[in-house]
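Let me begin by presenting the structure, written as C-alpha cells, before commenting on it.
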Number of protein chains: 2
Amino acid sequence: MTESLAEPDRAASALPTCTPDSRIVAARFAALSHPARIEILKHLSASRSCCCREVVDHLDLAQSTVSQHLKILVEAGLVRFEPDRQRSRYEVDHAALADVSASLAALVDSCCSGG
Amino acid sequence: MTESLAEPDRAASALPTCTPDSRIVAARFAALSHPARIEILKHLSASRSCCCREVVDHLDLAQSTVSQHLKILVEAGLVRFEPDRQRSRYEVDHAALADVSASLAALVDSCCSGG
DNA sequence: ATCGTTCATCGTCTATCGCCGATGAACGAT
DNA sequence: ATCGTTCATCGGCGATAGACGATGAACGAT
C-alpha cells in the first residue's frame, strides 16, 4: 500500500495546518499587505480630516477602490469608522496597530529564543 | 465630452498612488499574510533540522504546497535557503524578520507622532 | 424643490493566490 | 545498476483580490 503517497484522510488529521493564533495574526498582516493601504494609514495619521474624498485626492485611485481599501482596514480593526453627515470619518486605531506590532515582535522574539 | 467622468490621464499624474517604500513594506507583510507561513516560521525557529520534508510532516499540507510557501518566504528575504545534498536547508533570517518588525514599529510610531 | 457633493455598494473583468497531483532531477543506499 | 527518498517545478482548477464604472442614497446649499 502506498500509504506515504495516498492521502491518509488529511482533513481528519489532527495536525495543526495552522493554529487559530496564526490565522488571526496572518489576517492582520493581510490588511497591511497592500501598498495603498499602508499609504492610507500614513495619510490618516498625518492628516486631521479623514474623509474618503481626501484620501482619494491624495492617492490617485478611483473613489470606489479607496472605499474598499478603507473597508478592509476597518474590518481588520486597524481603522475606526464613524459616519458623520455625508462625510465618513476615518481614523487610525493606534492601539490596534500597536497590538499588531507587538504580535510581530513576539514572533521575532520566539524565533530568536527558540533557536 | 464627459471630461469629469473620463479619466484625466491618471497614469500621467504625479500623485503617489503608493511610494516605493510602501511597496517594499507591503511586500514583506504579504509574505507574512498566510497562516501556513506564520506556522512555518515558528517551526523553523523552534526546530533544528529545517528540511522541507520535516515541515511537510508537521504541517499537513502537500509537499508541493509547502515548497511553494518556503519559496515565497525565501523570496521575501525572511528565510535563508541552502541546498544540502538532496535535502534543502531552510533557516529563519532573524535580522530580516527583526527588520520587518522595525518597519511596522516605525509605522506605528509615525501614526502616533503624526497625529 | 433641485442640484452638487460625498460615499457605499454592486457587477464585471483580469490577475494572482493557494491548493493539488504528477513529473523528473539529484542523491544515498543496496 | 537499481531503487527509494527528497525536492522543485509544471499545469490545472477554483477562489479571491484588486481595479474600475455605474448607481442610488444621504446630505448641504441654492
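Chain letters run A, B, ... following the sequence lines, proteins first and then strands; every chain starts at 1. Note that the structure is a prediction, hence the values are computed from the model and not measured.
- Judged purely by atom type and a 3.5 angstrom limit, A:S45 uses its side chain to pair as donor or acceptor with the backbone of A:K42.
- Each of D:dT6, C:dT6, C:dC20 was ranked by its minimum atom distance to the side chain of A:Q86; first place goes to C:dT6.
- Taking atom CD of A:E75 as the reference point, atom C1' of C:dT9 lies 13 Å away to the nearest angstrom.
- Of the nucleotides present, D:dG18 is the one that pairs with C:dC13 by Watson-Crick or G-U wobble criteria, both distances under 3.5 Å.
- Side-chain atoms of A:R85 lie closest to D:dC27 of the nucleotides D:dC7, D:dC20, D:dC27.
- Sorted by first and then second residue, the side chain to side chain donor-acceptor pair (under 3.5 Å) pairs with a member in residues 70-86 of chain A read A:R80-A:D93; sequence neighbours excluded.
- A donor-acceptor contact under 3.5 Å is formed by the side chain of B:Q63 with the base of D:dA8.
- Of all nucleotides listed (C:dC19, D:dC7, C:dC7), C:dC19 comes nearest to the side chain of B:Q68.
- The nearest whole Å value for the distance from the CG atom in B:D84 to the P atom in D:dT6 is 14 Å.
- With C:dC27, D:dC10, D:dA19 as the choices, the nucleotide that has an atom nearest any side-chain atom of B:S64 turns out to be D:dC10.
- Nucleotide D:dT16 holds its C1' atom 13 Å from the NE2 atom of A:H34, rounded to whole Å.
- In this structure, A:R28 contributes its side chain and A:L78 its backbone to no donor-acceptor pair below 3.5 Å.
- Of all nucleotides listed (C:dG21, D:dG18, C:dC7), C:dG21 comes nearest to the side chain of B:A62.
- A:R37 comes within 4.0 angstrom of the backbone, heavy atoms only, and of no base.
- Across all strands, B:S67 comes closer than 4.0 Å to base atoms (heavy-atom distances).
- Relative to the side chain of A:C51, the nucleotides C:dC7, D:dA8, C:dC20 differ in distance, and C:dC7 lies closest.
- Regarding A:Y90, its OH atom lies at a distance of 8 Å from the C1' atom of C:dA8, rounded to whole Å.
- Here the side chains of B:L61 and B:E39 are not in contact, with every heavy-atom distance at 4.5 Å or above.
- Across every strand in view, D:dC27 sits in a pair with C:dG4 that passes the Watson-Crick or G-U test at under 3.5 angstrom.
- Side-chain atoms of B:S67 do not come within 3.5 Å of backbone N or O of B:S64 as any donor-acceptor pair.
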